[in-house]
There are 4 protein chains.
Amino acid sequence: MQFLTTARLNYELMNEATILASIKCMRTPGQTVLSEILSSDRPAEMTDLVHDMAHGTYTRINIHSPGPLSLQYSAQATPTHSLIAGASLTSPHPSTLPAELLPFIYPSRYCQSDRLREVAEEIAGNELSAFAKVSRIVDWIHQHISYAPGTTSEQDSATDILEKRSGVCRDFSHLAIALVRALSIPARYLTAYAAQLEPQDFHACFEAYLGEQWCLFDPTHLAPLNGIVRIASGHDASDTALASLYGDIVGSEVQVCCTSQSPLSPITQDELRQSKTAFVLG
Amino acid sequence: MQFLTTARLNYELMNEATILASIKCMRTPGQTVLSEILSSDRPAEMTDLVHDMAHGTYTRINIHSPGPLSLQYSAQATPTHSLIAGASLTSPHPSTLPAELLPFIYPSRYCQSDRLREVAEEIAGNELSAFAKVSRIVDWIHQHISYAPGTTSEQDSATDILEKRSGVCRDFSHLAIALVRALSIPARYLTAYAAQLEPQDFHACFEAYLGEQWCLFDPTHLAPLNGIVRIASGHDASDTALASLYGDIVGSEVQVCCTSQSPLSPITQDELRQSKTAFVLG
Amino acid sequence: MQFLTTARLNYELMNEATILASIKCMRTPGQTVLSEILSSDRPAEMTDLVHDMAHGTYTRINIHSPGPLSLQYSAQATPTHSLIAGASLTSPHPSTLPAELLPFIYPSRYCQSDRLREVAEEIAGNELSAFAKVSRIVDWIHQHISYAPGTTSEQDSATDILEKRSGVCRDFSHLAIALVRALSIPARYLTAYAAQLEPQDFHACFEAYLGEQWCLFDPTHLAPLNGIVRIASGHDASDTALASLYGDIVGSEVQVCCTSQSPLSPITQDELRQSKTAFVLG
Amino acid sequence: MQFLTTARLNYELMNEATILASIKCMRTPGQTVLSEILSSDRPAEMTDLVHDMAHGTYTRINIHSPGPLSLQYSAQATPTHSLIAGASLTSPHPSTLPAELLPFIYPSRYCQSDRLREVAEEIAGNELSAFAKVSRIVDWIHQHISYAPGTTSEQDSATDILEKRSGVCRDFSHLAIALVRALSIPARYLTAYAAQLEPQDFHACFEAYLGEQWCLFDPTHLAPLNGIVRIASGHDASDTALASLYGDIVGSEVQVCCTSQSPLSPITQDELRQSKTAFVLG
């Protein structure tokens with residue numbers, strides 16, 4: 001399915017400044033990106049960087065004079081996905097875990113899995129399969145954490161969310177990742193455009209490594225999983241930040257839009273949950 | 001200079017278990033490793049893994065039966081170093097920072113640089129060069145944090161150390177890294193063998209990216225910098241843990257020894273500080 | 001019922017020092033104290049203080065020279081109790097709460113009720129009576145927190161325990177109090193001698209104000225409630241510390257013993273729970 | 001000197017609710033309150049409560065129907081003060097501290113003095129007198145913490161402020177109290193009306209017990225100390241909250257005004273600091 005994604009980010013610069021933006025749709029074997037344009041309303045030096053952690057594109061934008069700045073991005077992207085029977089999916093034990101997955105069982109800035117072992121085991125209970133454990137965690141978060149913008153800050157991490165019992169998509173995924181990793185199951189963070197997300201904004205979900213692939217979960221239950229267009233994957237929001245600002249610059253407004261170019265029959269987290277199906281984003 | 005490094009790690013297994021050990025000396029252009037042996041006192045399946053984050057060797061050790069286990073490592077390694085004038089060394093601004101260094105200005109599990117911007121700026125003051133700023137941070141930590149084993153746990157991070165005002169080498173380096181990154185200067189964690197460290201143990205230091213290379217600092221002032229044999233480099237202790245244990249296993253005892261094979265004329269942190277010299281480990 | 005309580009506290013002084021001890025059995029209308037003796041093995045200046053918060057006796061002990069010190073306390077005390085039907089006990093609403101109970105719905109050092117409102121409501125669910133809500137909290141703690149000495153420190157508070165899922169009697173009660181106050185139900189901390197507690201030690205429980213009296217709960221389920229001899233009541237461990245030390249002094253060893261002078265037929269927390277009975281300590 | 005203080009507090013009730021307000025000027029031997037009126041713009045049941053902790057007046061306001069509510073308070077109060085030479089003022093050692101001061105050396109909800117001993121000693125340095133130590137703490141806070149509304153929340157405590165390096169009057173005083181108590185010097189929190197505070201609002205300061213009286217300090221340096229009209233004294237904001245809300249009610253707006261009825265020649269914190277003078281509020 002093809003999606004049109006657009007984003008407008010507005011800034012106010014008091015001086016020269018640098019933006020590290022991670023808003024371009026990721027190019028993967030399963031996701032083709034067409035006719036992509038990132039532009040600014042005044043001269044800005046833009047360079048695409050890729051580094052080995054975030055598995056996405058960082059664009060460095062250097063602006064040399066003060067004043068307002070507006071960035072405009074639009075792209076057409078065609079994510080693909082597959083559905084597989086989840087119920088018996090296991091996770092590789094650390095005794096056989098491929099080396100490249102190790103970073104995803106370690107704790108990270110916003111996902112202190114080392115501090116949440118007891119809570120994770122309590123929530124996962126005595127489920128046998130890794131898929132069942134991860135599903136229990138996603139369900140628990142959906143039931144116990146309120147989606148409430150404004151209740152958390154960018155410095156809040158999994159342990160804060162567990163206490164506050166509220167947050168936004170970023171927080172839901174951080175908590176999920178911390179709990180999943182606490183069970184030694186690899187988990188990573190994903191930033192995305194999301195069709196049918198209301199209101200439209202950037203979105204965050206997470207993937208757990210089950211069977212032999214990364215399976216996508218949305219603990220907020222807010223966006224159809226087949227409407228997700230991947231921007232970046234990483235440890236957590238620390239290495240997938242949509243925009244990091246350096247210099248005397250403040251962000252003012254963000255407008256995001258993601259629409260499918262043909263009718264989208266939504267595949268929801270709830271539906272996947274009931275049918276014990278795993279969703280694999282291409 | 002050539003060093004003989006040895007380590008003995010003893011464990012007690014109640015069942016089969018997996019150890020991910022990162023205790024082998026790193027092989028780099030500047031550090032040759034000779035006659036290396038890692039052995040166990042009973043059958044264990046050992047595989048060397050390298051993953052892209054830790055920049056060192058992980059050895060996966062799977063043991064299939066309960067009982068005591070002793071790992072013995074010994075190697076001869078020849079780290080090299082160079083000394084360069086530090087005073088005017090700058091750090092690449094985010095507007096020009098090479099992509100592969102980006103991960104080292106982000107916050108990580110034990111180095112919450114995003115929460116320590118004000119403190120970092122206060123400590124660094126109005127120093128002009130990045131070297132001078134990092135030196136101020138190293139000095140501040142040396143003066144304000146007490147080296148006191150037993151006062152911190154493996155879950156303590158930079159913000160905890162800042163409050164407790166005490167810790168061990170791991171804690172000193174975590175705090176230093178958090179403060180350095182808070183100034184947008186890349187910093188990474190280093191685990192090591194260390195000659196003339198008293199008492200002998202594994203050691204942790206940190207490197208800041210100054211000029212065009214990683215410069216080594218030891219905020220504990222406990223080990224000569226030219227006695228450091230690098231094991232691994234990473235974000236922090238989360239991806240350079242000396243040994244991560246999976247299964248029903250507990251560690252009992254660690255013995256470490258690092259000796260230079262010819263007399264070592266120590267280059268100390270204090271000396272480097274006074275002469276404003278940067279130490280670059282090969 | 002009459003109990004014999006004894007405590008021996010050993011210290012090592014490097015210099016003169018002051019101990020504020022709160023180990024004497026409380027004298028209340030419902031608890032008579034007989035033949036009480038607090039003595040030291042060398043000259044010490046002892047003064048009993050009572051202040052309006054702790055509702056117990058503080059003994060100030062000034063010692064003017066270095067060396068070992070041993071304090072020995074013994075008393076005979078006769079706590080009384082009553083049992084009342086709990087199921088429908090309510091708690092006074094803030095609109096009618098007597099002024100002297102206000103301090104017990106506020107957050108305190110180790111009981112940050114202001115941060116646990118969501119968790120408390122989730123645990124208490126839609127129970128109608130205050131007794132039922134408090135019982136749900138006590139049950140939840142008993143089921144979800146492991147009694148594990150050595151896993152917490154004296155600086156840990158309710159929010160830490162909630163994360164660690166383990167602790168000792170002090171921690172269990174701090175978490176219970178924080179959750180109960182978060183529902184605007186007054187709760188206070190109680191230190192005690194406890195017959196049939198294994199192994200013998202000082203104990204901590206908590207009281208919730210239900211109906212028109214303070215009702216005692218032991219979320220650890222470790223001591224019979226009719227074996228409790230009250231020492232002090234307060235906000236939390238901050239104002240009921242068994243011994244606060246000032247000067248160059250460290251504690252070495254504590255021996256506690258509480259025995260009933262006639263056979264004690266234990267009334268357990270579990271039994272009270274099943275019969276929905278409230279236990280009121282005299 | 002006589003002051004006119006007024007406060008208007010606006011609320012929106014979705015249902016019946018209770019407000020515990022602590023906004024009346026305190027009546028003390030040194031502060032007379034004249035012509036005091038607390039009224040509401042629609043029927044509300046008001047009762048004055050005094051409890052032994054806050055040392056001020058709590059007014060319980062029960063409102064039985066939904067809708068907007070406006071409370072209006074006005075009073076004339078005549079605080080007095082004295083100035084005494086501070087330099088050599090000491091603080092009673094715990095070995096002689098009067099019992100009623102004990103609660104003010106214990107940690108409390110927002111002032112975790114038990115966690116800040118090392119930081120406090122570092123800041124106070126080797127000053128000899130308690131006055132000099134407290135002054136060093138007040139100076140340090142004034143220099144290192146930015147006054148920045150909006151950077152902290154009502155759940156932030158002394159340890160948070162120390163990390164964030166910013167806050168409002170409440171936060172400045174919490175940090176000061178925690179540090180002062182960490183040195184075993186009694187400290188308490190004070191809420192107030194404050195003439196010449198810009199912009200006008202409720203204010204918070206703190207008092208340390210030096211010599212044989214409570215001495216007032218304003219670590220924000222924002223209000224003349226002789227323009228302070230005391231509302232309440234307590235452990236911290238937990239027992240001196242200006243308004244605690246119970247029920248389905250939210251606050252909307254607060255307007256405060258405090259004016260001296262004859263010209264006020266301001267006595268500033270900075271002036272007191274330079275002249276090493278202690279300010280004692282009557």
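Every chain is numbered from 1, with letters handed out A, B, ... down the list of sequences.
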Sequence neighbours excluded, the answer for salt bridge (charged side-chain N to carboxylate O under 4.0 Å, His left out) partners of A:Glu118 is none

*asked:* How about CD on A:Glu253, more than 12 heavy atoms from neighbouring residues, nucleotides or ligands closer than 6.0 Å, or not?
replied: yes

When rounded to the nearest 0.5 Å, the distance separating CZ of A:Arg165 from CG of C:Leu116 is 9.0 Å

Ranking A:Arg117, A:Lys164, A:His144 by heavy-atom pairs under 4.5 Å to chain C gives rank one to A:His144

Under 4.5 Å to a heavy atom of chain A? For C:Leu162 that would be backbone

In short, C:Val119 meets A:Glu163 closest at the heavy-atom pair CG2-O, 3.7 Å

Ordered numerically, the heavy-atom neighbours of chain C under 4.5 Å found in residues 268-278 of chain A are none

